[in-house]
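Just below is one structure, and these are the notes that go with it.
Both backbone and side-chain heavy atoms feed into the values below; hydrogens, waters and symmetry mates do not. All of these numbers come straight from a predicted model, not from anything done at the bench.
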Amino acid sequence: IVVSLTHFGYVKRVPVSEYRTQRRGGKGVTAHKPKEEDFVNNMFVSSTHDDILFFTDKGKVYSMKGYHLPVGTRTARGRAVVNLLQIEQDEKINAIIPIKEGSERDGFLIMATKNGLIKKTSFEEFASIRKGGKIAITLNDGDELIGVEQVYEGDDVIMAASSGKCIRFGQDNVRATGRTSMGVKS
């Protein structure tokens, strides 16, 4: 399946067979038709049996199997995530991480916040997530989770600020902490 999530929180899955390989000079095909001023934030190929982790700006994580996502066509908008997960009305999904069925949950998740905190947590800490969600990171007042990525041994991380500056560092330079702890200033 191809899973897509828009900025305003509409999600859908489309069978991969809806897409085809194009030759030189191909025009491309519409993959998602969001509402006006909405755009696709995340799009990836997964399986219906994979777990998909949804991270919110409030620092919580929710899990859902791929086959529970609504099926849509390439031109459909999708369904609002608030109707699928038990997230609060003011919460917004900021990151999605697919987990292959039966794969080892090795590696880490690196999380970044709006105020510049970064946190690395073992992927094993997100093995079982209840329907009501789980705290992924404890945030300070006025802060919010803006990004989550999966990293492995030897990977580098590049973080960019809205001012145009960026930093590159090895994920080994960030000490792994527990799930509910706060991050460290980057």
Do any N or O atoms from the side chain of [X] and from the backbone of [Y] form a donor-acceptor pair under 3.5 angstrom?
{"X": "Thr73", "Y": "Ala76", "answer": "yes"}
{"X": "Asp143", "Y": "Asn140", "answer": "no"}
{"X": "Lys60", "Y": "Ile87", "answer": "no"}
{"X": "Asn42", "Y": "Leu5", "answer": "no"}

How far apart are the closest heavy atoms of [X] and [Y], and which atoms are they?
{"X": "Phe8", "Y": "Asp38", "answer": "N-OD1, 3.0 Å"}
{"X": "Ala136", "Y": "Lys119", "answer": "O-NZ, 3.0 Å"}
{"X": "Met159", "Y": "Ala112", "answer": "CE-CB, 3.7 Å"}
{"X": "Ser46", "Y": "Pro98", "answer": "OG-CB, 4.1 Å"}

Report the distance from atom [atom1] of [X] to atom [atom2] of [Y], rounding to the nearest 0.5 Å.
{"X": "Gln86", "Y": "Lys131", "atom1": "CD", "atom2": "NZ", "answer": "6.0 Å"}
{"X": "Tyr10", "Y": "Leu84", "atom1": "OH", "atom2": "CG", "answer": "11.5 Å"}
{"X": "Thr138", "Y": "Leu117", "atom1": "OG1", "atom2": "CG", "answer": "11.0 Å"}
{"X": "Arg13", "Y": "Arg79", "atom1": "CZ", "atom2": "CZ", "answer": "11.5 Å"}
{"X": "Ser128", "Y": "Lys134", "atom1": "OG", "atom2": "NZ", "answer": "4.0 Å"}
{"X": "Ile93", "Y": "Thr6", "atom1": "CD1", "atom2": "OG1", "answer": "11.0 Å"}

Worked verdict on Met43 versus Val2 for side-chain contact (heavy atoms from CB on, under 4.5 Å): CA-CA 7 Å; Met43 186 176 241; Val2 176; 3.9 Å; yes
Could you state whether [X] and [Y] fall into the same hydrophobic cluster, counting links through intermediate Ile, Leu, Val, Met, Phe, Trp or Tyr residues with side-chain heavy atoms under 4.5 angstrom apart?
{"X": "Phe108", "Y": "Phe169", "value": "yes"}
{"X": "Leu69", "Y": "Phe44", "value": "yes"}
{"X": "Ile167", "Y": "Ile110", "value": "yes"}
{"X": "Val45", "Y": "Val40", "value": "yes"}

Heavy-atom check, side chain of [X] versus side chain of [Y], under 4.5 Å:
{"X": "Met64", "Y": "Asp51", "result": "no"}
{"X": "Asn173", "Y": "Gln171", "result": "no"}
{"X": "Asp57", "Y": "Glu91", "result": "yes"}
{"X": "Lys12", "Y": "Val3", "result": "no"}
{"X": "Lys58", "Y": "Asp90", "result": "yes"}
{"X": "Val14", "Y": "Ile1", "result": "no"}
{"X": "Phe123", "Y": "Ile99", "result": "yes"}
{"X": "Lys92", "Y": "Thr56", "result": "no"}

side-chain contact (heavy atoms from CB on, under 4.5 Å) partner of Met111, chosen from Ile118, Thr121, Asn94: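 Single pass found, and it is Thr121.
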Any idea how Phe55 and Phe126 line up, ring-wise: parallel (<30°), tilted (30 to 60°), or perpendicular (>60°)?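 Geometry flag for Phe126 against Phe55: perpendicular rings.
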Strictly below 4.0 Å, N to O, side chains only: are Lys65 and Asp50 in salt-bridge contact?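 So Lys65 does not pair with Asp50 through a salt bridge.
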Would you sort out whether Val61 and Phe54 count as a side-chain contact (heavy atoms from CB on, under 4.5 Å), showing the intermediate values? CA-CA 5 Å; Val61 60; Phe54 295 85; over 6 Å; no
Give the intermediate values and the outcome of side-chain contact (heavy atoms from CB on, under 4.5 Å) for residues Ile137 and Thr113. CA-CA 10 Å; Ile137 184 172; Thr113 71; 4.0 Å; yes
